[in-house]
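Keep in mind the model is a prediction, meaning the values are calculated, not measured. Every heavy atom of this structure was used, including side-chain atoms; hydrogens, water molecules and symmetry mates were not.
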Protein chains: 2
Amino acid sequence: MPDRDTKGAVRTITDLARIAGVSPGTVSRALAGKSLVNIETRTKIQAIAREHGFRPNQMASGLRRQKTDVIGVVIPLGHDTRQQISDAFFMTLLGHLADELTREGYDLMLRRVVPGKDADWLDRFIGSGMIDGVIVIGQSDQFDRIEDVADGYDPMVVWGNHTEGQRHCVVGTDNRLGGRMAAERLIAAGATRLAFLGDTTAIEFAARFAGAQDSVARLGLPPIVTLRTHLSPDRASEEIARHLADHAGTIDGIFAATDTLAALCLTELRSQGIAVPDDMKLVGFDDLPIARQTVPPLTTVRQDIAAGAQGLVDLLLRRLAGEETESLVMPPQLVVRATA
Amino acid sequence: MPDRDTKGAVRTITDLARIAGVSPGTVSRALAGKSLVNIETRTKIQAIAREHGFRPNQMASGLRRQKTDVIGVVIPLGHDTRQQISDAFFMTLLGHLADELTREGYDLMLRRVVPGKDADWLDRFIGSGMIDGVIVIGQSDQFDRIEDVADGYDPMVVWGNHTEGQRHCVVGTDNRLGGRMAAERLIAAGATRLAFLGDTTAIEFAARFAGAQDSVARLGLPPIVTLRTHLSPDRASEEIARHLADHAGTIDGIFAATDTLAALCLTELRSQGIAVPDDMKLVGFDDLPIARQTVPPLTTVRQDIAAGAQGLVDLLLRRLAGEETESLVMPPQLVVRATA
DNA sequence: GCGCTGGTTGCAAACGATTGCAATTATTCT
DNA sequence: AGAATAATTGCAATCGTTTGCAACCAGCGC
């Protein structure tokens with residue numbers, strides 16, 4: 001029961017010290033639970049602190065200790081400015097991150113940035129002195145900038161795609177492999193003329209596309225046509241409709257960069273009277289909850305989001321501890337439902 | 001182009017002052033763009049700062065100014081601990097909040113808490129000294145605690161339900177009215193024996209339920225049966241299935257507390273061979289993107305999330321400026337699609 | 001030439017918690 | 001009992017930035 005009655009406003013450790021009849025230093029140590037201070041005075045001080053609802057100022061503490069116990073999480077909105085944060089995948093990842101970080105005693109500072117608008121979005125965050133480390137969710141089209149920063153700043157982990165020889169520590173799914181799996185599934189289901197739905201300027205998506213291309217090339221099928229689209233649902237719908245109309249009859253399998261896109265595509269297919277999976281096979285990516293609920297249920301490539309979040313936090317903490325860490329690329333998993 | 005070559009490590013304002021040949025105070029003023037310092041030296045200092053990629057330490061600044069430019073956003077996970085953060089509604093709201101706050105020059109500190117586990121989750125956050133104000137997303141079952149805090153702490157705004165005479169400033173939809181609209185729609189579509197799907201210990205949901213009950217009572221229909229369920233998709237599915245089986249034939253209209261729940265319900269209905277809307281009418285709440293994509297598309301009660309986020313931030317800023325503010329309750333809007 | 005006004009700059013004291021070191025007291029050993 | 005050791009506590013500097021106040025300079029009018 002923190003106070004609110006005792007008007008004595010115990011705001012600082014010094015106030016508390018005065019009440020307890022000891023020095024500020026002792027209070028600090030007592031609250032930190034250090035064994036240096038007598039168990040008796042320690043519990044007494046803690047009792048007084050509780051009684052007055054006192055909490056040490058994190059700013060002051062952070063300044064002195066040069067450690068804030070806050071991890072920055074930044075979402076660069078590079079290749080699709082608007083609305084990407086509402087992307088279910090990132091949001092779910094964010095939720096898990098919050099859990100993991102909390103469990104480790106860290107707070108989470110969230111920042112969305114539009115890299116195009118300010119070039120040094122990452123340096124600004126890091127240099128602010130407010131965070132002990134940073135997790136970047138998605139490389140977007142900022143690969144180079146992230147690489148630059150990685151050279152001089154260790155406590156950073158990035159969610160995204162792993163590229164041979166890159167210098168920043170990344171956690172992510174093997175997108176290329178996932179792309180291969182998706183294409184192979186489409187082909188196994190009978191499709192031969194494939195399309196990729198999504199924006200390949202995002203490096204993760206590009207890798208998925210490349211993976212699919214691998215499979216197609218290996219089997220001697222015609223190259224995959226790419227249907228460029230934004231991620232925001234409103235714009236995407238129209239774009240998909242147009243793509244579908246443009247390629248009517250010339251494609252029979254679609255690999256969507258994202259379940260969200262796949263779901264959108266599914267509704268468009270329905271409204272254009274194209275039967276799935278008979279006339280068109282469809283595979284998504286992520287295995288979001290929505291994949292289970294579309295009609296028909298979506299065949300997709302699963303990323304383990306919870307494991308990803310755990311990996312991100314784990315690696316970041318190890319880096320904070322001074323360890324050198326490898327990147328972590330996790331295998332995707334094909335989930336066959338009914339669209340391919 | 002921030003440096004990384006000039007190894008001179010310009011970390012503090014004092015370093016910068018030495019280089020510029022002025023005093024730290026002048027540097028501080030120059031970087032703050034204060035007109036007191038000569039325009040010439042000011043631009044020179046700013047140039048040097050840029051050249052060395054210097055950014056003032058936010059912790060120190062925050063400590064001195066007693067202002068952190070950070071707003072806390074906290075999600076209490078009271079009535080359904082697990083996975084609620086992935087709830088699409090909250091996540092979307094969070095995204096908009098991030099946008100709004102950024103635009104106003106604030107950073108966002110995210111914290112999920114499980115109130116059951118620590119009673120003073122809110123005081124802890126507020127007392128940490130790390131945030132200038134707090135936005136609470138969802139009252140969950142913590143109404144009383146929030147009321148307590150509101151008495152002694154002004155810069156707080158809560159997303160949730162407005163109750164007559166409450167003391168904390170809240171932004172939200174008129175849930176009761178929304179509930180009425182939902183029930184009326186179900187009834188207009190031909191349903192007479194209604195059920196409410198969701199957990200009524202959450203106050204927002206309780207209000208929606210109450211609103212529906214209003215309509216039903218006014219029309220002399222049998223009272224609404226409530227189908228208690230959790231929010232996390234995995235558990236909810238089974239629970240819904242069981243409810244549906246238990247009440248087979250005894251209900252013909254379902255008001256789901258949430259679109260997410262409604263979507264889940266829809267798939268369960270399908271798998272149990274119950275036709276929508278013929279054998280069962282269904283109305284959701286929120287109008288999330290998914291509502292447009294279910295089959296058939298979901299009739300639902302819309303909340304304007306973007307406007308909500310704007311309202312939250314606007315009111316919070318006004319309160320930070322010392323203003324007294326009223327709560328903001330926004331009207332919901334019925335969106336008729338195909339499930340009722 | 002002297003005092004004044006304005007415009008710039010420097011000085012030094014905050015902000016609140018932490019921590020190495022010294023000082024104090026309590027304990028133990030010879 | 002005296003001295004050495006250990007256990008507590010206090011002192012004061014420190015983290016990096018901001019800001020009230022004083023100091024300084026140039027230029028001005030008298």
Handout entry: Footprint string (nucleotides 15-26 of chain D, 5' to 3'): B base within contact, S backbone only, - free, heavy atoms under 4.0 Å
Key = BBBBBB------
Problem - Interatomic distance where NZ belongs to A:K67 and P belongs to C:dA17 [whole Å] - result: 18 Å
Problem - Steps toward side-chain hydrogen bond (donor to acceptor under 3.5 Å, both in side chains) verdict (B:E204, B:W159) - result: CA-CA 10 Å; B:E204 298 97 317; B:W159 172 270; 5.1 Å; no
Completion exercise
To the nearest 0.5 Å, atom CG of B:L94 lies from atom CD1 of B:I305 at 11.5 Å
Exercise for the section: Starting from C1' on D:dT8, measure out to CG on A:N38 and report it in whole angstrom. Expected result: 7 Å
Listed pairs, N/O of protein and of nucleotides 24-27 of chain C, under 3.5 Å:
none

Problem - Flag if over 12 foreign heavy atoms under 6.0 Å of CD, A:E326 - result: no
Completion exercise
In whole angstroms, the gap separating C1' of C:dC15 from CE of B:M130 amounts to 15 Å
Problem - B:D148/B:R145 salt bridge by N-O under 4.0 Å criterion - result: no
Exercise for the section: Report the distance from atom NZ of A:K44 to atom P of D:dT8, rounded to the nearest whole Å. Expected result: 15 Å
Practice task
Taking only Lys NZ, Arg NE, NH1 and NH2, and the carboxylate oxygens of Asp or Glu, determine whether B:D99 and B:R103 approach each other closer than 4.0 Å.
Solution key: no
Fill in the blank from the handout: OH (B:Y153) and CG (B:D123) are apart, to the nearest 0.5 Å, by 10.5 Å
Practice task
Identify whether any heavy atom of B:V27 sits under 4.0 Å from a base atom; if not, whether one sits that close to sugar-phosphate; answer base, sugar-phosphate or nothing.
Solution key: nothing
Handout entry: CD/B:E324: more than 12 non-hydrogen atoms of other groups inside 6.0 Å
Key = no
Handout entry: A:T325 vs A:R319, side-chain hydrogen bond (donor to acceptor under 3.5 Å, both in side chains): CA-CA, chis, key distance, verdict
Key = CA-CA 7 Å; A:T325 63; A:R319 297 191 134 244; 2.8 Å; yes
